[in-house]
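Here the structure is a predicted model, which is why all the values come from computation and not from measurement. Numbers here are sequence positions counted from 1. Atoms considered below: every heavy atom in the structure, side chains included; atoms not considered: hydrogens, waters and symmetry mates.
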Amino acid sequence: MLRSDLFAVSAMPEAFPARAMLPVHIEPAADEALVSWLVQLSWALRQSPLMFSRHGFKVDAAGDPEWWRRPSAGQLATIAERTGVEQARLKAMTLLGWSVARDDEGAQRFTSRRWTNPKPRRKGRRVDVCGQCLAEDERPYLRRLWLLGWIGVCPRHRTRLIGECPGCRCPIRFKGLNAKAPVDLLACQKCGRGLACLQGQRASDRSVDLQSLLVAGKKTGVVLLPGVGEVEWATMMAVADMLLGMIWTGVATQHREQLFNRIARELDLGWEDRLSLSLGSNYGSLLMLDWLVADLPHRLPAAIGILKSVRFEGLLGRHNDIDDDMAAHLRTILAAAIATPAVGRGAWRSWIDSLPDSASELRERAARERFKHRRQRLTAFAALKAGATVGEAAAIARVQQVSVYRWLDRGIEHGLEAALERPTGKPVLTSAQSEALAQWIRADRANQNRHAIVAQAQARFGIELSLDIASNLLRKHRDRKPGSVRRRRRLWGPMKPRGPRAKPTHDLAPGS
């Protein structure tokens, strides 16, 4: 056989095709986020999400880990070609077509951390999830709704979303498409426990309704605000920023707690919902916004007065990214914050006029009262009801004007009966209740948590303790650390002589 002989040959198939289907397939859920599906595909292939996106779809997530929210048409076409999923279904897993304004998709968007600690951490994005949804899923996955950043309730179960691991109580974080190692998406990054749970805390119906209203506005770009009308999404987010910033920026803690007590009272909230207000979660912020926007003309001035906060121009000055057109819209919506607050007679006249008793009935009631301080208050209120000024009412009751103003402030905030009573300064708990709580705290170290103390006082005695009182009880009755010795503090002691002891002058052995 010669080298010049010809032989029949054929081209060899391509060893590595340019476009190959993935070796695994996961069927996406209806409301699943694209990032959840891609991360779980990378986990099935034992690849890091970063390398999986680079090699599989030619997308570098190192510079833009949130590209999945609004991917380009070319990126969707590449993913559809490699996975076999239609582009329309992939698009439904993104936020394409949804409005975006003022970083409204950032993590923990409505929480107090945005104003008290705005510096982000680089340990993964925080996210709130519904443990019941994850427990019912055949393949647990992240919902697209959970990744908006300001979601606080599950619309399906009408429960509050959880932001902490049920096992170790650490914040729930997940590493996105820029992770450099395979990621188990729905497991705690610290203890590795799953996030599914069978029960959740019931959410207020008002928070569910407000969240549904905001989600509809996010999709359409227009929010139908009660009492105001249609508001653009960007303007709505500016309104939320101004109202929540008013609560969490430059306000004393006691004033903020006073506002929370009023919100809880008027919305008929339980102790768990009341605690959510103080914690500053997304769910608590939804409750605050619902209370405010339900009656802005009356509740916004009341909130500004309770918080001792600045009015419209001061609130607007905290946001440098609001242009003149949006500021004009905000002035229309928040007109109550621009109006000059009532002073003098106008500040308390509406409350006095709202009392059901007439001036003569208040005088008759004062004559029947046994205690002097109640007679003075009723006499002053009767004079004000008849049209007298604060100075004239103070002269009739034989007190100072400042005392009458103090009674009026207490009555406006807590009602007539609270204004008639004299603050005694007695503790909230009796001695027996304090001793019972002390024994309960010492019984187990798991009880040594101020939130647990608040819950125990509510469950056992029906008393709503503040976090400050719970902290004092914890400081007083918590267990000592192992090995520590508590020294008894001596409040007094005998005085020591400054110089040498004087020798006796009498004869120690007389007659010797």
Side-chain angles (χ1 to χ4, degrees), residues 18-45 47 49-107 109 125 127-130 133-134 137-151 154-156 174-179 183 185-186 211-223 232-234 237:
R19 296 291 184 183
M21 296 290 292
L22 295 179
V24 297
H25 177 74
I26 297 178
E27 190 67 19
D31 55 345
E32 185 173 8
L34 182 60
V35 63
S36 172
W37 183 63
L38 293 177
V39 170
Q40 292 196 9
L41 279 175
S42 67
W43 175 260
L45 294 172
Q47 293 184 2
L50 181 62
M51 300 305 296
F52 176 70
S53 301
R54 285 177 178 174
H55 295 167
F57 313 122
K58 306 300 181 182
V59 178
D60 190 0
D64 185 13
E66 302 293 327
W67 65 267
W68 66 268
R69 294 179 181 269
R70 292 170 179 83
S72 63
Q75 292 171 344
L76 288 179
T78 303
I79 297 174
E81 184 179 354
R82 299 297 305 275
T83 60
V85 181
E86 298 180 356
Q87 292 191 42
R89 192 166 186 181
L90 292 174
K91 184 178 179 181
M93 302 168 68
T94 67
L95 299 180
L96 287 171
W98 291 32
S99 302
V100 57
R102 300 182 60 79
D103 191 26
D104 60 323
E105 297 171 6
R109 183 60 175 78
R125 177 189 174 94
V127 63
D128 296 343
V129 301
C130 176
C133 289
L134 298 178
D137 291 338
E138 183 178 356
R139 175 182 63 85
Y141 60 91
L142 290 179
R143 273 65 173 171
R144 177 177 53 171
L145 197 65
W146 298 347
L147 299 177
L148 290 181
W150 42 266
I151 299 297
C154 174
R156 178 183 175 186
F174 83 95
K175 296 179 180 179
L177 297 176
N178 60 342
V183 176
L185 190 65
L186 297 174
Q211 178 177 288
S212 301
L213 186 70
L214 293 177
V215 170
K218 173 74 172 175
K219 294 179 179 180
T220 61
V222 177
V223 180
E232 295 182 356
W233 177 249
M237 291 304 297

Checklist line | Distance-minimising heavy-atom pair for A80 and V85 | finding: CB-O, 3.0 Å
Checklist line | Flag side-chain contact, heavy atom, 4.5 Å: P155 against L145 | finding: yes
Check: Are the side chains of V24 and L45 in touch, meaning some heavy atoms are under 4.5 Å apart?
Finding: yes
Check: Relative to the ring of W233, is the ring of W150 parallel (under 30°), tilted (30 to 60°) or perpendicular (over 60°)?
Finding: tilted
Check: Can you tell if the side chain of V39 reaches within under 4.5 Å of the side chain of K175, non-hydrogen atoms only?
Finding: no
Item checked: Member of W37, F57, W43 meeting the ring pair (Phe, Tyr, Trp, His ring centres under 6.0 Å) criterion with F52 -> F57
Check: Atom CG in L76, atom CG in L34: separation rounded to 0.5 Å?
Finding: 7.5 Å
Checklist line | Taking every non-hydrogen atom, the tightest pair across S99 and G221 | finding: OG-CA, 3.1 Å
Notebook entry, point to check: Restricting to pairs with a member in residues 86-95, which pass salt bridge (Lys or Arg N to Asp or Glu O under 4.0 Å), not counting sequence neighbours?
Noted result: E27-R89
Next item on the list: Determine whether Q75 and W68 make a side-chain contact, defined as any pair of heavy atoms from C-beta on separated by less than 4.5 Å.
Entry: no
Check: Please walk me through it: do V35 and E66 pass side-chain contact (heavy atoms from CB on, under 4.5 Å)?
Finding: CA-CA 8 Å; V35 63; E66 302 293 327; over 6 Å; no
Margin query: Using 0.5 Å steps for rounding, measure from the CG atom of D128 to the SG atom of C154.
Written below: 12.0 Å
Checklist line | From CG (L95) to NZ (K219), nearest 0.5 Å | finding: 10.5 Å
Check: Can you check whether D104 reaches L148 side chain to side chain, under 4.5 Å on heavy atoms?
Finding: no
Check: Roughly how far, to the nearest 0.5 Å, is CG of L142 from SG of C133?
Finding: 11.5 Å
Margin query: Evaluate R109 against R102 for side-chain contact (heavy atoms from CB on, under 4.5 Å), listing each step before the verdict.
Written below: CA-CA 10 Å; R109 183 60 175 78; R102 300 182 60 79; 4.0 Å; yes
Notebook entry, point to check: Do Q47 and H55 pass the side-chain contact (heavy atoms from CB on, under 4.5 Å) test, and can you show the C-alpha distance, the side-chain angles, and the key distance before you say yes or no?
Noted result: CA-CA 10 Å; Q47 293 184 2; H55 295 167; 5.5 Å; no
Checklist line | Candidate pair C130 and W146, rule side-chain contact (heavy atoms from CB on, under 4.5 Å), full reasoning | finding: CA-CA 9 Å; C130 176; W146 298 347; 3.7 Å; yes
Note to self: Nearest 0.5 angstrom please: E105 CD to L147 CG, how far?
What the structure shows: 9.5 Å
Check: Any idea which heavy atoms bring R139 and I26 closest together, and the distance?
Finding: NE-CG2, 3.4 Å
Notebook entry, point to check: Any ion pair linking D60 and R54 (charged N to carboxylate O, less than 4.0 Å)?
Noted result: yes
Check: So, for P49 and S42, which heavy atoms are closest and what is the spacing to 0.1 Å?
Finding: CG-OG, 3.7 Å
Check: Nearest 0.5 Å, what's the CG-CZ distance between L41 and R82?
Finding: 11.5 Å
Margin query: Could you check whether D137 pairs with R143 (Lys NZ or Arg NE/NH1/NH2 to Asp/Glu carboxylate O, under 4.0 Å)?
Written below: yes
Item checked: Side-chain donor or acceptor of R144 paired with backbone N/O of T94 under 3.5 Å -> yes
